[in-house]
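For reference, the structure is listed below as structure tokens.
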Amino acid sequence: MSSRVKKLLIPLAILIVAILLARVLLGTREDLQTKKVEPILPVVSTVTVQLAEVPVTIVAHGNARSRFELDLASEVTGRVEWVADNFEPGERVTEGELLLKVDATGYRVAVAEARAALATADNALADAIALKRKASESEARLNIEATKLRIARAERDLAYTDIRAPFNSVIDQQRVELGQFINTGQVVAHLLSSDTVEVTLPIPAADTGFLDPTPGTPVQLLANIGGRQREWQGQVLRIQARVDSETRVIPVVVQVEAPYDTSLHEHQLTLGLFTEVRIPGIPVADAVRLPKSVLQPDDTVFVMVDEVLQRRSVEVVRRAGDTVVISGGLSNGDQVVVTNLDIMFEGMKVRGAR
């Protein structure tokens, strides 16, 4: 056999042996077993509905301000000859406390002259009575009455040279200095009342329906001072009967009595402080508070029933922060889905989170 033939037969023999081995292996392999693959269902978290009376708290913010303020003006003319040490912006003063003294020399003279005139009028009356002059007697009596009025005015002006605080207050602005000459009617200070603090709160019209219209509802005021949360107790003073034309809210005014009295409050509530106010509202009966994430844009929610999604229309009575209050469309025991999937539809199969 030639070498050329041998070269052709060797590959052919290898191919035949490979085919035989392959047939033997295929004949001895076991049949593959098929398995049923369960579909992977989306996992969702749910909240169980328990209908009950849901409390409502209305939260708003505002600055503490004085209930009223006053431009304190001088009622006399003269030079300021004395100023109290605490006659400075930001200082607290009490009702009747002396703040300034105006030079009273001229007013003392006016009192003395009026009293001298009264003595003269009394003598004139005595002479008229003694001489039995009726006309002179009537004139003397009129002079006496007029002189008494001048004395009263002179004494009043003299008293006005001591300028006092008309009520408990905080000095907001000091407008005169020691030695300054002032005129009648000139403003010497701007005062802020300190007996009562008011906070005007912008309440959305939707929330005012939960407010008790009776004045006196207790409220809680909070503020962060020095890294600590401070608290004061107050009450609703009035609900204004108007809607703000710019913000479309209804102003509600709350007040705190004796804000600087530390026997009533743990910490002084200073004027101008920015506070958070919590007003207890009228509770909602037979309702449930749920995370805002459960609500779909069309005011529906998804409920999981036997691991299948059902869409329910609900009645949302209040939206506040990250929660909603629902009073219709749900029953006790409903499993409301709080997970927002990319795709959710009626009849979709899901699996509850374990």
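The structure displayed is predicted, hence computed values, not measured ones. Values below: every heavy atom of this structure, side chains too, minus hydrogens, waters and symmetry copies.
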**Request:** Apply side-chain hydrogen bond (donor to acceptor under 3.5 Å, both in side chains) to T247 and D244, showing your working.
**Result:** CA-CA 6 Å; T247 60; D244 189 283; 3.3 Å; yes
**Message:** A side-chain contact here means heavy atoms from C-beta on lying under 4.5 Å apart; do R311 and Q296 qualify?
**Reply:** yes
**Request:** Assess the side chains of S313 and T300: does a donor N or O sit below 3.5 Å from an acceptor N or O?
**Result:** no
**Prompt:** Should the heavy atoms of other residues, nucleotides or ligands under 6.0 Å from CG of N183 be counted, would the total exceed 12?
**Reply:** yes
**Request:** Any chance you could measure L118, atom CG, to N123, atom CG, to the nearest 0.5 Å?
**Result:** 9.5 Å
**Message:** Quick check: do V199 and L221 have side-chain heavy atoms less than 4.5 Å from each other?
**Reply:** yes
**Message:** Please give me the minimum heavy-atom distance between L237 and P215, naming the atom from each residue.
**Reply:** O-CB, 3.7 Å
**Asked** Is the closest basic N to carboxylate O distance between E155 and R115 below 4.0 Å?
**Response** yes
**Prompt:** Do the side chains of V277 and L222 get nearer than 4.5 Å, heavy atoms only?
**Reply:** no
**Request:** Starting from the C-alpha separation in whole Å, work towards a yes-or-no answer on side-chain hydrogen bond (donor to acceptor under 3.5 Å, both in side chains) for Q268 and T262.
**Result:** CA-CA 6 Å; Q268 293 181 352; T262 53; 5.8 Å; no
**Item:** Pair T217, Q235: side-chain N/O donor-acceptor within cut-off below 3.5 Å
**Value:** no
**Message:** Contact between T323 and K292 at the side-chain level, heavy atoms closer than 4.5 Å - yes or no?
**Reply:** no
**Asked** Taking ILVMFWY side chains as joined if any heavy atoms are under 4.5 angstrom apart, and letting links pass through other members, which residues group with V76?
**Response** F68, L70, L72, V80, V83, F87, V93, L99, L100, V102, Y107, V111, L158, Y160, I163, F167, I171, V176, L178, I182, V188, L191
**Prompt:** After noting the C-alpha distance and the side-chain angles of E266 and W232, does the key distance pass the side chain to side chain contact (heavy atoms under 4.5 Å, CB included) rule?
**Reply:** CA-CA 8 Å; E266 182 182 357; W232 300 269; over 6 Å; no
**Electrostatic pair R141-D122, nearest N-O below 4.0 angstrom** = no
**Prompt:** For V350, which fellow cluster members are found when Ile, Leu, Val, Met, Phe, Trp and Tyr are connected by side-chain heavy-atom distances below 4.5 angstrom, either directly or through intermediates?
**Reply:** V44, F302, M304, L309, V337, L341, I343, M344, F345, M348
**Message:** Salt bridge check, K349 against D306: does any charged N sit closer than 4.0 Å to a carboxylate O?
**Reply:** no
**Request:** Determine whether V49 and V47 make a side-chain contact, defined as any pair of heavy atoms from C-beta on separated by less than 4.5 Å.
**Result:** no
**Prompt:** Any side-chain heavy atom of N143 within less than 4.5 Å of one from E139?
**Reply:** yes
**Item:** E231 versus Q220, side-chain donor and acceptor atoms under 3.5 Å
**Value:** yes
Mind listing the side-chain donor-acceptor pairs of residues 53-62 below 3.5 Å, one per line with the distance, residues two or more places apart or on another chain?
none

**Prompt:** Is D334 close to V301 at the side-chain level, that is, under 4.5 Å between some pair of heavy atoms?
**Reply:** no
**Audit row: D157, R108, salt bridge (Lys or Arg N to Asp or Glu O under 4.0 Å) steps and yes/no** = CA-CA 9 Å; D157 290 343; R108 292 192 184 97; over 6 Å; no
Return a table of donor-acceptor pairs under 3.5 angstrom between the side chains of residues 207-214 and protein atoms on other chains or two or more places apart.
residue	atom	partner	partner atom	Å
D207	OD1	R318	NE	3.1
T208	OG1	A205	O	2.6
D212	OD1	T214	N	3.0
D212	OD1	T214	OG1	3.3

**Prompt:** Of all residues at least two apart in sequence or in a different chain, which pass the side chain to side chain donor-acceptor pair (under 3.5 Å) check with D195?
**Reply:** N168
Please tabulate, for the side chains in residues 250-261, all donor-acceptor contacts under 3.5 angstrom to protein atoms that are two or more places apart in sequence or on a different chain.
residue	atom	partner	partner atom	Å
Q255	NE2	E257	OE2	3.2
E257	OE1	T196	OG1	3.1
Y260	OH	L271	N	3.3
D261	OD1	S263	N	2.9
D261	OD1	S263	OG	2.5
D261	OD2	S263	OG	3.2

**Message:** Between Q335 and Q310, is there a side-chain heavy-atom distance shorter than 4.5 Å?
**Reply:** no
**Request:** Give a yes or no on this: more than 12 heavy atoms of other residues, nucleotides or ligands lie within 6.0 Å of atom CZ of R175.
**Result:** yes
**Prompt:** Does atom CZ of R156 have more than 12 heavy-atom neighbours from other groups under 6.0 Å away?
**Reply:** yes
**Item:** Stepwise salt bridge (Lys or Arg N to Asp or Glu O under 4.0 Å) check, E198 with R65
**Value:** CA-CA 5 Å; E198 292 186 355; R65 60 179 180 82; 3.5 Å; yes
**Request:** Start with the C-alpha gap between S169 and S193, add the side-chain angles, then the distance that decides, and say whether side-chain hydrogen bond (donor to acceptor under 3.5 Å, both in side chains) holds.
**Result:** CA-CA 4 Å; S169 54; S193 64; over 6 Å; no
